[in-house]
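The structure appears right after this line, and notes come after that.
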Amino acid sequence: MEPIRVTAVSAGLGRPSATRLLADRLARAAERRPADGERPVETRVVELRDLATDIAHNMVTGFPGPALREAIAVVTEADGLIAVTPVFTASYSGLFKSFFDVIDNTALRGRPVLLAATGGTPRHSLVLEHAMRPLFAYLGAITVPTAVYAASGDWGGGGGPEGELAARIERAAGELADLARARPRTARPAGADGGEEPDAGTVVPFEQQLASLGLG
């Protein structure tokens, strides 16, 4: 049974990084989602910190290096995405935005995306709605209803197994896995093997995808 491919994009700058930690927890939650007999979820993580120089070069030359080209392929060929950024100056980070700027602006059309962010204070949680959701709406992606914001305090008592953060992670990851499972698999983009371009217009109607989550 072919797995559902989910790629998590982490724009954390530090090591260790709360942003990468949240991306990993969301990915593991998505992997736990399938029930018996359903396609399993296979996850990969793209760490933008390691691609910062390549992204900058691509911005000025228009050509991605091999590592960036591979990362873009992993993202654009996924059945679903987890996009996680730290909050800088009340918005997503420049590294996060630059990565999605170098991807063709039709490549994520119809793709389910789970939005997540990390920050020092709960006051920045609106970045999910006023910055990230409009960005992915412009790209034609379908953002899952539940977004996840983790402030510094959430990693203490609130981030435990029974905490509010854990509950949001499970709910959001479940929504992503359900939408990714309902989405028809498209042809792989052209690459070194000269394969077909994807049919970006072949998507499940939005109302049908919401209905699969019981939200229609």
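Computed from heavy atoms alone, side chains included, the values below leave out hydrogens, waters and symmetry copies. For reference, positions follow the sequence shown, starting with 1.
- Nearest heavy-atom pair, M132 versus A116, reported as atom, atom and distance to 0.1 Å: CE-O, 3.5 Å.
- Put simply, OH on Y92 and CG on L128 are 12.5 Å apart, with the number rounded to the nearest 0.5 Å.
- Between L165 atom CG and W155 atom CH2 the span is 5.5 Å, to the nearest 0.5 Å.
- No side-chain heavy atom of E164 sits under 4.5 Å from any side-chain heavy atom of D154.
- One distance of note links CG of L126 with OG of S91; it measures 12.0 Å at 0.5 Å rounding.
- Shortest non-hydrogen contact noted between A30 and A177 is O-CB, 4.4 Å.
- Of the possible donor and acceptor atoms, none in the side chain of R5 sits under 3.5 Å from a partner among the backbone N and O of E42.
- L139 has its side chain out of reach of R109: every pair of non-hydrogen atoms, C-beta onward, lies at least 4.5 Å apart.
- Shown here for Y149 and R168, the closest heavy-atom pair between the two residues is O-NH2, 2.5 Å.
- Hydrophobic clustering places I82 together with V148 (ILVMFWY residues linked when any side-chain heavy atoms are closer than 4.5 Å, directly or through intermediates).
- Rounding to the nearest 0.5 Å places CG of L51 at 9.5 Å from CD of E70.
- Shown are L68, V75, I72, L81; of these, the side-chain contact (heavy atoms from CB on, under 4.5 Å) with V46 is made only by V75.
- When all heavy atoms of E129 and P134 are compared, the pair lying nearest together is O-CD, 3.2 Å.
- Separating the CZ atom in R28 from the CG atom in L26 is a distance of 9.5 Å, to the nearest 0.5 Å.
- L176 is not connected to V45 by any chain of hydrophobic side-chain contacts under 4.5 Å among Ile, Leu, Val, Met, Phe, Trp and Tyr, and they are in different clusters.
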F100 and F96: CA distance, side-chain angles, deciding distance, ring-ring contact (aromatic ring centres under 6.0 Å, His included) verdict:
CA-CA 7 Å; F100 287 100; F96 181 86; 5.0 Å; yes
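- Across every non-hydrogen atom of R133 and A147, the tightest pair is NH2-CB, 3.7 Å.
- T7 and R44 share no side-chain donor-acceptor pair at under 3.5 Å.
- Both V127 and Y138 are assigned to one and the same hydrophobic cluster, defined by single-linkage of ILVMFWY side chains at heavy-atom distances under 4.5 Å.
- From F99, atom CZ reaches atom CD1 of I55 across 6.0 Å, with rounding to the nearest 0.5 Å.
- A donor-acceptor contact shorter than 3.5 Å links the side chain of R111 to the backbone of T76.
- A single hydrophobic cluster is not seen to contain both V74 and V41; linkage of ILVMFWY side chains at heavy-atom distances under 4.5 Å, directly or through other members, places them apart.
- Residues V144 and A172 share a closest heavy-atom pair of CG2-O, 4.3 Å.
- Between E31 and P40, every side-chain heavy-atom pair lies at or beyond the 4.5 Å cut-off.
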Donor-acceptor pairs under 3.5 angstrom involving side-chain atoms of residues 11-24: please list them, not counting sequence neighbours.
unit_1 : atom_1 : unit_2 : atom_2 : d
R15    : NH2    : D50    : OD1    : 2.4
R15    : NH2    : D50    : OD2    : 3.1
S17    : OG     : T19    : N      : 3.1
S17    : OG     : R20    : N      : 3.2
T19    : OG1    : T118   : OG1    : 2.8
R20    : NE     : D24    : OD1    : 2.9
R20    : NE     : D24    : OD2    : 3.3
R20    : NH1    : E47    : OE1    : 2.9

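- Under a hydrophobic-cluster definition in which Ile, Leu, Val, Met, Phe, Trp and Tyr are linked whenever side-chain heavy atoms come within less than 4.5 Å, directly or via other members, I4 and L108 are assigned to different clusters.
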